[in-house]
Amino acid sequence: MTDLPKAYTPREVEGAIYERWLAADVFAPDGVGSTADPDLPPFTLIQPPPNVTGSLHLGHAQRTTVEDLMVRHARMRGHAALFLPGLDHAGIAAQFVLDRMLAKEGESRQTLGRERYLERMRTFSDSTRHVMLAQQRRVGASADWGRLRYTMDDGSAHAVRVAFERLYRDGLAYRTEALISWCPGCRTSVSDLEVVPTPETGTLWSVRYHLIDEATGRPVPASDPDATITVATTRPETILGDTAVAVHPDDERYRHLVGRRVRIPFVERDVPIIVDDVVDPAFGTGAVKITPAHDVDDHATGLRHGLPTPTILADDATIENTGTPFDGLDRYEARRRLVAELDARGDLAGERPHEMIVGRCQRSNDVLEPRLKTQWFIRTESMAARALDATRSGRTRILPERFERTWEHWLTNIRDWNVSRQLWWGHRIPAWYCPLGHVTVSAEADGPAACATCGRPAAELAQDPDVFDTWFSSGLWPFSTLGWPNDTDDLRRYYPTSVMETGYDIIFFWVARMMMLGLQLTDQAPFHTVYLSGLIRDPEGRKMSKTKGNVVDPLGVIDESGADALRFAVVHGAAAGQDQRFGPAKLENARNFANKLWNATRFVVGARPASIDPDGERQPPDPRQLGPAERWMLSRANATVDAVDRAMADYAFGEVTRLLYDAIWNEFCDWGLEFAKVRLADDELEEATREGTWWALVEALDTYLRLLHPVMPFVTEALWAAIPHRSSDPALLIVARWPGAGPRDAGLEAELDAVIGLVRGVRNARAEAGIEPRAWLPTEVSVPAPMGPTFEVLRPAIERLTHARPLQRRLTREALGDGAQPVAGGALSVISGELEAIVHRPTDTADPAAGAAERARLERELGEAERHLSAARARLANDEFMAKAPDAVVAGARARETALAEQVDRLRDRLDATGGTQGTGGTGGTGGETA
RNA sequence: GGGCGGUUAGCUCAGUCGGUCAGAGCGCCUCGCUUACACCGAGGAUGUCACUGGUUCGAGUCCAGUACCGCCCACCA
């Protein structure tokens, strides 16, 4: 046993504890401190790797907590529990951060060049990775740091190459020119998921295109009724890339123009008027300009009609290749000038504000441009089908279940995944091109020796300059971290993993891709359960973000309130998939709870009978030495074990903390300790009895510390060190065994409920009557014979808790009131279950008004009891209820009716007695009215 | 345009199988420094479980619809 400081100071407690865990090597499932049961299957949780260049925010802390609590729980249950930590290189996100830093130095990707840029990135990420890892340790992550992985380490690099090669070999990776979303700021393509549809008010311009006289090849004269056709656009600069004008096939207005040609202004290109179903005749003019290289719909239209696809936007979104003066201008400058020029020519038919959805870059917020690029794609159809099969068959379960519908919808409508990124930071795509255009994909670290098609030597091959979408390497995470593609011991032992915990916001980005790639490459679903956490929001319910300035730094919170409080706060009252607001109140509540636990333990430790060796082995409480309160306490602890087990099995972590908070605070501390105090201080009891009482406290406390450990690991570990252990216990709580649910004693629990109810009732009555709390008042209690022994053992505690002196026990209700002289002003009556008490008031504080107040109180209680009683009776009088409700429910209703009737009866009696002694004439009080 | 979630005490939220489910924390009010804890203890007040209808012996809970708030998905220039 170790001493506990008087005050609970999280900083001191937590710092020392983590070092002890590390020293004991208990985090690794195969570490020297592991106590795993070899007969149980392992439990594997691969951490969603946080961005290496990021900083830990509250969301990370919350996820780490949930992950860690699952791991700790599994570990205590005896499973070899692997919590594999990691970091993500976060391709585009990291580049975005570094680019901004470089910009402040007047540098850029271009000025540095690829090699120096990547060198800077490595230096930068090396400096931030330590911060990220240290933060996780502060939160208490019991991760196996020896297995720490990084999406840019050699193992991941190898996995990425092999995975891609296999996908290519199986026809699931292909290279093609396609319309992709391009971010001019990041200078890369982004996936559909990274496009943020943003509502904006733009402008819809109407532009006249001049028809061409086929005979002369010149524009038809303005006098001709069909001199022009008017099209509408929100992006006039794309006019420069137009290769057709389309109308709906059924549109009578334009039918006669179909097949004619119009001249695209500035580029002076003559393009056909075509028909296509994509056109909505009701929108705008019903005629649509077609820009196949810069619009999704137009691209599809272009493909259907075999239209040319001139690209007019450069990587930086300046105009290019148009042969017009607009070349070299930024897209928006070009737009302005182009509109002005059209207006000057008289070809601007109109402009009006237009509500529209603009695609913006998730990272840089730039407006994205659809454009053609030759990129690598992953064919998703077959993999998505397998992923759906895994969830439909139940091999993988998504929690909360409602997200399975989202999952279904997305995977059934999935499009091929563009994995090429024109970034530098990431895994280079292992594809080489020979001068003849042959493609060679190779998993070799040094690339292929020769072109796979024509045999040209490596020296003549050029590797694809692009890198993979960062989610490609993340998608391999559950198995690449365990050694895949090598057939390692870890992979065999820990794969498939048990639970994947992550935020619901990346279910598509990440979970779906892990699932697809895992099934494709390992033939197994990578995890059996997906636990989706909700998002942490600020106290106003807003998403936390740096730009809003409402981010909470978890380290600040930990410094102030402790990691245990933070962990408890983010778990307490939270439900899977449900966002939660986080504010100071929750945190304070959690810290208070830790403090409560600390002080309760300090009391137990300090209350040790001198006859017990502080350094001795823990003794099981001797049942013969236990009083009803101690047996009740142990029964309740068993009940809590049972309830917590059920909640854990349901992944209802908020329920777990609620159960423990209630059990520890409202049962163990409020009643268990209070009853025990009296008993431990009772010199009349035998030494063995006091010892038994203390061992019972230790037993219950030990159980609660174990149950609470996964959520509040530091404080429980520290406190556990202060209580005696069993010979079978390990040195540290983190590897101690999860408690088993022992027997309950329902009858005893009911008796204690009555006793506790009586104490509460007496306190309540005394408080309402305005009686000095410290005044000792003569109190009588009628106790049915079966409860006699319990009452007698608890008598000293009841005396103390109710300030009753003398406390006299009566065998029947009728006997109440005989033991002391009723005094003017009346006595207080309290009914709790089968117990009934009368508190006699001191003469000097009694007055007629007090009697009236007591009557009012009793009448209020009577009224309430009568309402409940009549409701219960109405139920029993309902034939259909009697006929159709289950027997157990009917029996319960009968019992309730009996109890309520009894209570009403007693309250009436007490009211009569109170009225009678008061002598104010109101002797017949039946509770109908309140004075 | 589809889909999902939320609506329960002044605030933030739990509420699993339909039957002691009207709950917690915070806040508020009244007391109290009783030898674990003032980061505490004792007591108290506060509800049309958003609305409408339905199923059921019985609905905060299941079904349908409505309203408001929020999120996700979606190629209308």
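In what follows, every chain begins at residue 1, and chains take the letters A, B, ... in the order their sequences are listed. Given the structure is predicted, the values throughout are model-derived calculations rather than measurements.
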* Asked: So which one's nearest nucleotide on RNA chain B is more toward 5', A/Trp598 or A/Glu588?
  -> A/Glu588
* Asked: How many Å lie between CD on A/Gln578 and P on B/C71, as a whole number?
  -> 14 Å
* **Parallel, tilted or perpendicular, as decided by the 30° and 60° cut-offs, for the rings of A/Phe593 and A/Trp665** => parallel
* Is there a donor N/O on one and an acceptor N/O on the other, under 3.5 Å, for the side chain of A/Glu674 and the base of B/A42? -> no
* Between B/G19, B/C37, B/C73, which one does the side chain of A/Pro886 approach most closely? -> B/G19
* Within the structure, does a side-chain N or O atom of A/Arg581 lie under 4.0 Å from either OP1 or OP2 of B/C13? -> yes
* Asked: Are a donor atom and an acceptor atom from the side chains of A/Arg679 and A/Thr693 found within less than 3.5 Å of each other?
  -> yes
* Asked: When the distance from CZ of A/Arg602 to C1' of B/U35 is rounded to whole Å, what number comes out?
  -> 11 Å
* To do: Scan A/Trp205 against the nucleic acid and name what it touches under 4.0 Å (heavy atoms): base, sugar-phosphate only, or nothing.
  => nothing
* Tell me which nucleotide among B/A14, B/C39, B/G43 gets nearest to the side chain of A/Asn595. => B/C39
* Measure from CZ on A/Phe668 to P on B/G41 and round the result to the nearest Å. => 14 Å
* To do: Would you classify A/His868 as touching base, sugar-phosphate or nothing, given that sugar-phosphate means primed atoms plus P, OP1 and OP2, and contacts are heavy atoms under 4.0 Å?
  => nothing
* **Which nucleotide in B/A77, B/C13, B/C39 has an atom nearest any side-chain atom of A/Asp295** => B/A77
* How long is the line joining CG of A/Asp251 and C1' of B/A77, in whole Å? -> 15 Å
* Structure fact -> From the candidates B/U16, B/C57, B/A36, the one with an atom nearest any side-chain atom of A/Ala885 is B/C57
* Among B/G19, B/G25, B/G43, find the nucleotide with the atom closest to the side chain of A/Arg763. => B/G43
* What is the distance, rounded to the nearest whole Å, between atom CZ of A/Arg537 and atom P of B/C69? -> 16 Å
* Any cation-pi pair here, A/Lys677 with A/Phe603, using under 6.0 Å and within 45°? -> yes
* Asked: Of all the choices, B/C39, B/C57, B/U12, which nucleotide is nearest to the side chain of A/Lys586 once you look at every atom?
  -> B/U12
* **Minimum-distance nucleotide (side-chain atoms of A/Val296 versus B/G5, B/C57, B/C75)** => B/C75
* Nearest to the side chain of A/Arg405, which nucleotide is it out of B/C76, B/C4, B/G43? -> B/C4
* **Nearest-nucleotide pick for A/Ala232, side chain only, options being B/A77, B/C37, B/C31** => B/A77
* With C1' as the reference atom in both, quote the distance from B/G44 to B/C49 in angstrom, rounded to an integer. => 23 Å
* Protein-nucleotide distance (A/Arg760, atom CZ; B/G44, atom C1'), rounded to Å -> 14 Å
* Is any side-chain N or O of A/Arg896 under 3.5 Å from a base N or O of B/U20, one able to act as donor and the other as acceptor? -> yes
* Close side-chain approach of A/Ile536 and A/Gln580, heavy atoms under 4.5 Å -> yes
* Asked: For A/Tyr504 and A/Asn666, take the nucleotide of RNA chain B holding the closest heavy atom to each; which residue's nucleotide lies nearer the 5' end?
  -> A/Asn666
* Asked: Parallel, tilted or perpendicular: which describes the rings of A/Tyr504 and A/Phe403, with under 30° parallel and over 60° perpendicular?
  -> parallel
* So what does A/Asp297 touch, heavy atoms closer than 4.0 Å: a base, only the sugar-phosphate, or nothing? -> base
* Structure fact -> Per atom distances to the A/Tyr661 side chain, the nearest of B/A77, B/G25, B/C31 is B/G25
* Just checking, is any N or O donor in the side chain of A/Asp242 or A/Thr291 under 3.5 Å from an acceptor N or O on the other one? -> yes
* Touch check for A/Asn764, heavy atoms < 4.0 angstrom, all strands: base, sugar-phosphate only, or nothing? -> sugar-phosphate
* Spell out yes or no: do the side chain of A/Lys6 and the base of B/A36 have one donor N/O and one acceptor N/O closer than 3.5 Å? => no
* Asked: Hey, does A/Arg766 reach any base, or is it just sugar-phosphate, or nothing, if we go heavy atoms under 4.0 Å?
  -> nothing
* Base, sugar-phosphate, or nothing: which does A/Asp650 touch, judged by heavy atoms less than 4.0 Å apart? -> base
* Beyond-backbone contact of A/Phe668 with A/Leu673, side-chain heavy atoms, under 4.5 angstrom -> yes
* Just how far, in rounded Å, is C1' of B/U55 from CD of A/Glu880? -> 13 Å
* Asked: When only distance counts, do a donor and an acceptor, one from the side chain of A/Arg591 and one from the base of B/C39, lie under 3.5 Å apart?
  -> yes
* **Inter-nucleotide C1' distance (B/U7, B/G60), Å rounded** => 12 Å
* Atom-pair distance (CG on A/Leu179; P on B/C75), nearest Å -> 12 Å
